[in-house]
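Contents: one structure, followed by commentary.
Every chain is numbered from 1, with letters handed out A, B, ... down the list of sequences.
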Protein chains: 2
Amino acid sequence: MGTTQLETVPEPKYWHLKTVLSDALDSEFAVGEILPNERELAARFGVARATLRQALEQLELEGRLQRRRGVGTTVAPPRVGVDVGPGQGGPNVWPGAAGDAWYTEDHEETVPPAMVASLLGTEGEPVHAVRRSRTTNGQPVATEILYVPAATVPGLPAEPVEAVPGTGGAARARAVLRELHRRELDGQDRTVELGSIRADDARRLDRLPGAPVLVVTTRYVADGHTAALAVSTFRADTCRLSFSDGEGVPLLAG
Amino acid sequence: MGTTQLETVPEPKYWHLKTVLSDALDSEFAVGEILPNERELAARFGVARATLRQALEQLELEGRLQRRRGVGTTVAPPRVGVDVGPGQGGPNVWPGAAGDAWYTEDHEETVPPAMVASLLGTEGEPVHAVRRSRTTNGQPVATEILYVPAATVPGLPAEPVEAVPGTGGAARARAVLRELHRRELDGQDRTVELGSIRADDARRLDRLPGAPVLVVTTRYVADGHTAALAVSTFRADTCRLSFSDGEGVPLLAG
DNA sequence: AAGTGGTCTAGACCACTGG
DNA sequence: CAGTGGTCTAGACCACTTT
């Protein structure tokens with residue numbers, strides 16, 4: 001005879017909290033505004049700090065919030081549409097072609113991870129590794145390693161003696177890309193999956209280790225072989241990957 | 001004088017733990033094998049259960065583990081390559097065309113979320129909403145809602161009286177798709193972003209609310225307008241999205 | 001009923017940023 | 001330096017699955 005408990009499935013506190021906060025963000029906060037600190041928010045909602053943090057983590061995962069240690073929690077701007085096209089069947093282009101959005105940073109020769117090597121068919125052999133990065137509005141959004149087997153770029157000279165150490169890496173990287181462009185690109189295909197950022201990339205992308213990232217693996221095909229393989233790491237909190245076909249600006253890229 | 005502390009950045013415990021566990025998974029466990037329970041693992045590594053859970057969460061995010069309440073933690077199989085192609089520029093096809101991987105489930109007429117409505121240009125109006133789902137190896141991997149403005153499918157009859165309630169939804173959904181296929185598809189473009197699963201989709205995909213998902217938004221263009229919009233939700237833990245160009249099976253799809 | 005993972009607490013200390 | 005978010009603890013209870 002008491003209250004009829006229709007809601008037989010008690011919603012977790014952090015889940016309800018997330019909904020409340022989400023609504024508040026829509027109605028009461030502007031982009032860039034800083035929220036009260038976690039201890040105060042927890043007190044205000046009458047929950048432990050850990051519970052509040054669980055809700056904040058969800059909202060950060062969805063790109064609604066941005067948290068920075070020592071600074072505070074701010075309302076994040078809408079996700080940036082990052083064009084990773086042109087997609088398949090469109091005008092395939094090699095990485096580093098004129099007008100692409102990446103900045104070529106460095107080069108070294110290494111033995112790639114086993115999974116990369118097996119796709120390249122270069123078990124155990126060292127390959128060229130070109131490091132590239134990408135920014136939007138001054139913020140780093142992605143980092144990439146492009147693996148190029150030596151067999152793909154036979155025209156490259158032997159490792160040159162460094163005239164000016166520190167600048168040689170980028171120069172060698174560009175040389176690899178130039179050599180790559182001499183070959184005809186037959187096609188490419190991509191996969192996208194969720195990952196967590198490794199320690200070295202964490203610094204490059206200004207995130208803490210373990211932050212969620214979208215990992216894009218691109219296989220470049222020439223002469224029926226895998227001529228190169230790019231592993232690109234995008235910040236999942238700030239990026240929306242856009243696969244456009246190059247015919248006009250896609251609406252979704254917003 | 002004492003020990004030289006070269007590693008000036010103390011690694012968080014859960015991060016180190018994750019590495020240890022990851023190596024152990026590679027070398028000592030087979031796919032499907034169940035791990036010791038959380039309380040025992042925590043004791044074995046000398047950490048609090050919450051800390052251990054932080055490491056397990058990371059590994060689950062990366063698709064290495066699968067945890068189920070009441071059951072235990074098991075070693076996950078490698079991620080499934082889910083083909084979401086053919087991509088842009090390739091042979092664009094309407095959803096529901098012969099041979100696509102989706103199962104048509106239901107239909108209703110609703111006013112879509114504001115962001116969908118603005119892309120469709122149907123502010124406030126109800127549109128057709130076709131619910132579809134997708135499985136791989138018997139496991140649900142994705143759920144989708146396809147929004148079709150009434151203007152796109154003018155040939156549809158008015159809402160029919162249900163002869164057999166419960167089967168009518170799927171039948172109406174297929175009718176919408178048939179009507180859609182009569183139009184010529186000019187192109188499509190997609191975005192991929194990280195999200196957290198909503199409560200209703202959580203049941204469909206056999207996950208708890210808040211689990212990470214890859215949200216694919218596809219815009220279908222006909223006659224220069226957005227003729228339909230699909231919002232697809234893929235389990236991020238089990239899926240690797242593959243954008244193939246339809247010319248042979250892509251290596252990355254493995 | 002027993003055992004699992006999921007939620008929640010109240011507190012402590014650490015790492016980082018900024019004035 | 002004060003204030004922020006990040007890590008960690010030791011415990012409790014809950015929801016769920018299996019036996």
Side-chain angles (χ1 to χ4, degrees), chain A residues 5 7-19 21 33-61 64-76 196-197 199 202-203 206-212 237, chain B residues 5 7-19 21 33-61 64-76 196-197 199 202-203 206-212 237:
Chain A
Q5 184 71 21
E7 190 53 70
T8 176
V9 181
E11 207 173 34
K13 273 190 189 178
Y14 78 92
W15 187 256
H16 178 245
L17 201 49
K18 180 198 144 186
T19 309
L21 286 169
E33 197 167 348
I34 66 176
L35 270 62
N37 70 56
E38 296 183 349
R39 288 159 180 89
E40 172 167 349
L41 279 177
R44 187 180 299 185
F45 287 105
V47 298
R49 190 176 155 221
T51 303
L52 174 84
R53 278 180 61 81
Q54 211 169 342
L56 294 185
E57 266 152 35
Q58 287 267 343
L59 291 169
E60 191 178 28
L61 190 85
R64 308 282 317 269
L65 291 179
Q66 187 162 354
R67 297 190 291 174
R68 279 189 304 170
R69 170 155 53 176
V71 180
T73 302
T74 59
V75 180
S196 55
I197 197 170
R203 279 187 295 274
D206 191 25
R207 300 256 63 196
L208 290 176
D237 56 340
Chain B
Q5 182 72 20
E7 192 50 71
T8 175
V9 180
E11 207 173 34
K13 272 190 189 177
Y14 78 91
W15 187 256
H16 179 243
L17 202 49
K18 180 198 144 187
T19 309
L21 286 168
E33 195 168 347
I34 66 176
L35 270 61
N37 71 55
E38 296 183 350
R39 288 160 179 88
E40 171 167 349
L41 280 178
R44 186 178 302 185
F45 287 104
V47 299
R49 191 178 155 218
T51 303
L52 174 85
R53 279 179 60 81
Q54 211 168 343
L56 293 184
E57 267 153 34
Q58 288 268 343
L59 291 169
E60 191 177 29
L61 191 84
R64 308 284 314 271
L65 291 179
Q66 185 162 354
R67 298 191 288 173
R68 277 188 305 170
R69 171 155 50 178
V71 180
T73 302
T74 59
V75 180
S196 56
I197 198 169
R203 279 187 295 274
D206 190 26
R207 299 256 64 197
L208 291 176
D237 56 341

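Checking dT17(C), dG5(C), dT9(C) against every side-chain atom of Val71(A), the shortest atom distance belongs to dT17(C). Comparing dG6(C), dT7(D), dC16(C) against the side chain of Pro12(B) picks out dT7(D) as the nearest. With distances taken from any side-chain atom of Leu208(B) to the nucleotides dG6(D), dC8(C), dG6(C), the minimum falls on dG6(C). The side chain of Asn37(A) approaches dT4(D) more closely than any other nucleotide in the set dT4(D), dC8(D), dG5(C).
To the nearest 0.5 angstrom, Gln66(B) atom CD is 13.5 Å from Leu56(B) atom CG. Distance check: Leu35(B) CG to Thr74(B) OG1 gives 8.0 Å after rounding to the nearest 0.5 Å. Distance check: Glu57(B) CD to Ser196(A) OG gives 12.0 Å after rounding to the nearest 0.5 Å.
Here the P atom of nucleotide dG11(C) and the CG atom of Leu52(A) are 16 Å apart, to the nearest Å. For Glu38(A) and dC16(C), the CD to C1' distance is 14 Å, given to the nearest whole Å. Here the C1' atom of nucleotide dT9(C) and the CG atom of Leu17(A) are 14 Å apart, to the nearest Å. In this entry the distance linking CZ of Arg39(A) with C1' of dG11(C) reads 11 Å, nearest Å. Separating the CZ atom of Arg69(B) from the C1' atom of dC8(C) is a distance of 14 Å, rounded to the nearest angstrom. Between the CD atom of Glu11(A) and the P atom of dT7(C) there is a distance of 12 Å, rounded to whole Å. Rounding to whole angstrom units, CZ of residue Arg68(A) and C1' of dG5(D) are separated by 12 Å. Taking atom CD1 of Ile34(A) as the reference point, atom P of dG5(D) lies 9 Å away to the nearest angstrom.
The phosphate of dT9(C) has neither OP1 nor OP2 within less than 4.0 Å of any side-chain N or O from Arg49(A). In this structure, Tyr14(B) does not reach the dC8(D) phosphate: none of its side-chain N or O atoms is under 4.0 Å from OP1 or OP2. A close approach under 4.0 Å does occur between a side-chain nitrogen or oxygen of Thr51(A) and OP1 or OP2 of dT9(C). Contact between the side-chain N/O atoms of Arg67(B) and the OP1/OP2 oxygens of dG6(C) is found at a separation under 4.0 Å.
Between Trp15(A) and Gln58(A) there is a side-chain heavy-atom pair separated by less than 4.5 Å.
Mapping Ala50(A) and Thr73(B) onto DNA chain C by nearest heavy atom places Thr73(B) closer to the 5' end of the strand.
More than 12 heavy atoms of other residues, nucleotides or ligands sit less than 6.0 Å from atom CZ of Arg49(B).
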